[in-house]
Visitor: 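Please read through the structure below; I'll follow up with questions.
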Amino acid sequence: MNIYKPDLMDVLEVNQHTADIKSVKIAFKDKSKQQDFAFRVGQFGIFSAFGYGESTFNICSSSTWKDYAEFCFRRTGKVTEALWRIEPGDTIGFRGPYGNHYPTDEWEGKNLIFIGGGIAMPPIRCAIWYALENREKYGRITIVYGARTVGDLVYRDELDKWAGYKDVKVIRCVDPGGETPDWDGEVGFVPAVLEKASVPADNSVALVIGPPIMIKFSLPVLSKMGLADKDIYTSLENRMKCGVGKCGRCNAGPVYVCKEGPVFNLEQLKRLPEDY
Amino acid sequence: MSAVISQTELRRLVDGWIGQGVQVAGPRQVKPDHVLYALLNESGQLAMDGFVRPANSIKEFVYPRHEKLYGYRLNEKEIELTDVELPAKPQVVLAARPCDAAALPILDPLFNWDFQDDFYNRRRELTTVVTLACNNHDAHCFCTAVGLAPDAERGSDAMLFDLGDGSYEVRCLTDKGRKLFDGKTQSSDKVGQAKAAPKKTIDLEKIRSFINGDFESPYWQELTLRCLGCGSCAFTCPTCHCFDIVDEGNAAGGERVRNWDACQFCLFTKHASGHNPRTAQGQRQRQRVTHKFGIYPDKFGDILCTGCGNCTRNCPVSLGIFPVLDSIQKVETGAVEAA
Ligand SMILES: Cc1cc2nc3c(=O)[nH]c(=O)nc-3n(C[C@H](O)[C@H](O)[C@H](O)COP(=O)(O)OP(=O)(O)OC[C@H]3O[C@@H](n4cnc5c(N)ncnc54)[C@H](O)[C@@H]3O)c2cc1C
Ligand code: SF4
Ligand code: SF4
Ligand code: FES
């Protein structure tokens, strides 16, 4: 088998979220593969725009959805620029699923705190939907999501949907200056908003994904709230090419992020050198 | 008793293999004073002596510098992917150095953990490595410091020893090797021997303790300050194996290929966000040394270096790995002032 050859996927739907973020729903051209496709939330794929190359994105749909998979990307370079132009009916390539996943089994019976910044919503969104669709297995769910401006929030419609579920609290925030006159969410940086919100942290796990600076300042807040390092999770974004442990690009010290990550808890992360 | 083949007979054999459609590679003088492992059209091109080792390595015959992974074509909105035919031609790499041959079994587990790389594996199966035990070494060789030797057998299917009289002793080490030489040699009482081994040493414990120590040690930057980040070390290294995957062609059709890459390049780990975990050359050198002497042995059981010295020989500023290792030893023994 050629481990580098992708499957061909039909583009079913494209949604634009912000000036530079779109999400795409895709399904295997080979219908039986779509039926058999299994992954765990937190895993990623390598997506192709033929003629331009490959890019790594999280699979941001829930593993409970069988008809399609979804990814969400920010336009930033060669491949994402090409993907920006795709329309329903087009074909792209997909390899995966790769990497480890969120330990959703271990999280059962716990309260979940999701903290995301900007384009980091997609890798959290899959876990949120997964938890909501297995609602009885999880306790309270708190979602703190921030972006630079109101216009930079992704999956805004879903934020409202999530807020409608029982025992789910959604806190939206934008950076100071990023608000619009009708903005009814918080104004402030994610770590500060998180601290102010005094989220109950008993029997909880947290998933924090966002720009390095946001993660850096959110961690002490979570520790102060009483979360142990082993209960705080994040997903690394080391640059990748092969996704299968060969190309030598993704290692953070001794770990190959594409195979042993991208999901790590803080306890594991603290053992790694700062190579991410 | 030993098995011996004359230089003339060996060349006749090579021409025979080429005639049968076997791809033969070996040291070849491509320019005055410049020997590379290259494909041979006829045995006259084979350079058996008069140099220390080729400037490149044999890895390119199992893991080419540039390799097509598959093709793509766009018709209307339909994309069609076309498979690449895996190579089918048997291949002999002749007069490889032991420090080249050893790299292949060291790389095998990397190309096979979980995901099996058929491109590599197929070439590996098709390849017979005939090593020539080293007759000489230079100031850059340090095979003995990493557990190898001028006559180390690892990775070789057969090994030749120059008997100094226009003939070679042939030691067949695997079935592949026997297949090449069975019935082609004469029995003799002459036994070959590798010549003097390199004397350079490395205290591997000290290297370990340094790389397991302060990740942010300022020494990394200091010891490697002159590195230009050109990547020559990685490209000529028998064991460096990083690659990039890119498209060649346009949206209408083309191919997806992999090309060698190197951790010494400044964009190697740059995230799309602009964040780069390794912004300084010292951090990139730390990666190269740590990967070879810490990460790889821990994961795959072998030091990712055969002591061939190519990285230093080919370095425009005479750096490469040994001088860095040597400086690290000095730091560890306190022979260097605190940075
Ligand atoms: C596990 C993982 C999950 C990820 N999940 C997501 C996700 O869900 N959504 C998402 O949007 N992204 C995600 N990413 C990031 C994503 O992979 C990259 O944004 C994407 O690959 C960019 O590809 P590109 O070809 O468009 O950019 P490239 O063309 O590779 O360029 C990206 C950036 O690199 C820099 N660059 C490139 N070439 C040069 C050069 N020659 N000189 C200087 N700078 C240069 C530029 O700053 C450019 O903006 C993830 C990454 C990982 C590793
Ligand atoms: S060590 Fe030498 S060969 Fe390697 S990147 Fe630096 S300058 Fe180039
Ligand atoms: S690191 Fe240098 S000495 Fe070691 S195998 Fe590679 S080129 Fe040879
Ligand atoms: S992405 Fe290639 S080794 Fe991890």
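In what follows, every chain begins at residue 1, and chains take the letters A, B, ... in the order their sequences are listed.
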Visitor: So, applying side chain to side chain contact (heavy atoms under 4.5 Å, CB included) with A/Lys5, which one of B/Leu69, B/Leu81, B/Thr82 is it?
Guide: B/Leu81

Visitor: Determine whether more than 12 heavy atoms belonging to other residues, nucleotides or ligands lie under 6.0 Å from atom NZ of A/Lys216.
Guide: no

Visitor: Between B/Asp244 and A/Arg249, is any pair of side-chain heavy atoms under 4.5 Å apart?
Guide: yes

Visitor: Using a cut-off of under 4.5 Å on heavy-atom pairs, state which of A/Gly51, A/Ser48, A/Gly89, A/Pro254 scores highest against chain B.
Guide: A/Gly51

Visitor: What is the distance from atom CZ of A/Arg95 to atom CD1 of B/Ile245, rounded to the nearest 0.5 Å?
Guide: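 It comes to 5.0 Å.
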
Visitor: Side chain, backbone, both or neither: which part of B/Lys270 has an atom under 4.5 Å from a heavy atom of chain A?
Guide: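 Only the backbone of B/Lys270 comes within 4.5 Å of chain A.
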
Visitor: Are A/Asn2 and B/Tyr70 packed together at the side-chain level, in the sense that at least one heavy-atom pair is separated by less than 4.5 angstrom?
Guide: yes

Visitor: So for A/Thr91, is it side chain, backbone, both, or neither that comes closer than 4.5 Å to the heavy atoms of chain B?
Guide: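 It is both, since atoms from each part get that close.
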
Visitor: Report yes if some heavy atom in the side chain of A/Asn251 is under 4.5 Å from a heavy atom in the side chain of B/His291; otherwise report no.
Guide: no

Visitor: Which word best sums up how the rings of A/Tyr4 and B/Phe119 line up, parallel for under 30°, tilted for 30 to 60°, or perpendicular for over 60°?
Guide: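 Taking B/Phe119 first and then A/Tyr4, their aromatic rings sit tilted (interplane angle of 30° to 60°).
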
Visitor: Can you measure from OH (A/Tyr52) to CG (B/Asn250) and round to the nearest 0.5 angstrom?
Guide: 7.5 Å

Visitor: Heavy atoms, side chains only, cut-off 4.5 Å: are A/Asp275 and B/Gln287 in contact?
Guide: yes

Visitor: Select one option (side chain, backbone, both, neither) describing which atoms of B/Tyr120 are under 4.5 Å from chain A's heavy atoms.
Guide: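 No part of it gets close to chain A.
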
Visitor: Might you point out which heavy atoms bring B/Arg256 and A/Pro6 nearest each other, and give the distance in Å?
Guide: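 Answer, listing the atom of B/Arg256 first, then A/Pro6: NH1-CG, 4.4 Å.
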
Visitor: Around atom CZ of A/Arg148, are there more than 12 heavy atoms of other residues, nucleotides or ligands at under 6.0 Å?
Guide: no

Visitor: Does any backbone or side-chain atom of A/Ala252 lie under 4.5 Å from a heavy atom of chain B? Answer side chain, backbone, both or neither.
Guide: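 No part of it gets close to chain B.
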
Visitor: Can you measure from CG (B/Asp114) to OH (A/Tyr98) and round to the nearest 0.5 angstrom?
Guide: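 With rounding to 0.5 Å, CG (B/Asp114) is 11.5 Å from OH (A/Tyr98).
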
Visitor: Enter the distance from A/Lys241:NZ to B/Cys242:SG here, rounded to the nearest 0.5 Å.
Guide: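 Output value for this atom pair is 12.5 Å.
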
Visitor: So, B/Asp117 and A/Lys246, do they make that salt bridge, N to O below 4.0 Å?
Guide: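 Looking at A/Lys246 together with B/Asp117, the answer is no, because their closest N to O distance does not fall below 4.0 Å.
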
Visitor: Does some side-chain heavy atom of B/His271 sit less than 4.5 Å from a side-chain heavy atom of A/Asn238?
Guide: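 In short, these two side chains touch, coming nearer than 4.5 Å.
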
Visitor: Between A/Asp10 and chain B, which part of the residue has a heavy atom less than 4.5 Å away: side chain, backbone, both or neither?
Guide: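 Neither part.
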
Visitor: Answer with side chain, backbone, both or neither: which region of B/Phe215 has an atom nearer than 4.5 Å to a non-hydrogen atom of chain A?
Guide: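 Only the side chain of B/Phe215 comes within 4.5 Å of chain A.
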
Visitor: Is it the side chain or the backbone of B/Asn112 that comes within 4.5 Å of chain A heavy atoms, both, or neither?
Guide: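 The answer is the backbone of B/Asn112.
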
Visitor: Does any heavy atom of chain B fall under 4.5 Å from the side chain of A/Cys250, the backbone, both, or neither of them?
Guide: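 Answer is neither: A/Cys250 stays 4.5 Å or more from chain B.
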
Visitor: Which answer fits B/Tyr72, side chain, backbone, both or neither, if we ask what part of it has an atom under 4.5 Å from a heavy atom of chain A?
Guide: side chain

Visitor: Quick check for you: among B/Asp83, B/Ile211, B/Leu74, which has the greatest number of heavy-atom pairs under 4.5 Å with chain A?
Guide: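 The answer is B/Asp83.
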
Visitor: State, with a plain yes or no, whether a side-chain heavy atom of A/Glu274 is found less than 4.5 Å away from one of B/Glu216.
Guide: yes

Visitor: Does any heavy atom of chain A fall under 4.5 Å from the side chain of B/Thr269, the backbone, both, or neither of them?
Guide: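 Both the backbone and the side chain of B/Thr269 come within 4.5 Å of chain A.
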
Visitor: Hey, which of A/Gly53, A/Gly77, A/Gly248 has the most heavy atom pairs under 4.5 Å with chain B?
Guide: A/Gly53

Visitor: Would you say the side-chain atoms of B/His275 pair up with the backbone N or O of A/Tyr276, donor to acceptor, closer than 3.5 Å?
Guide: yes

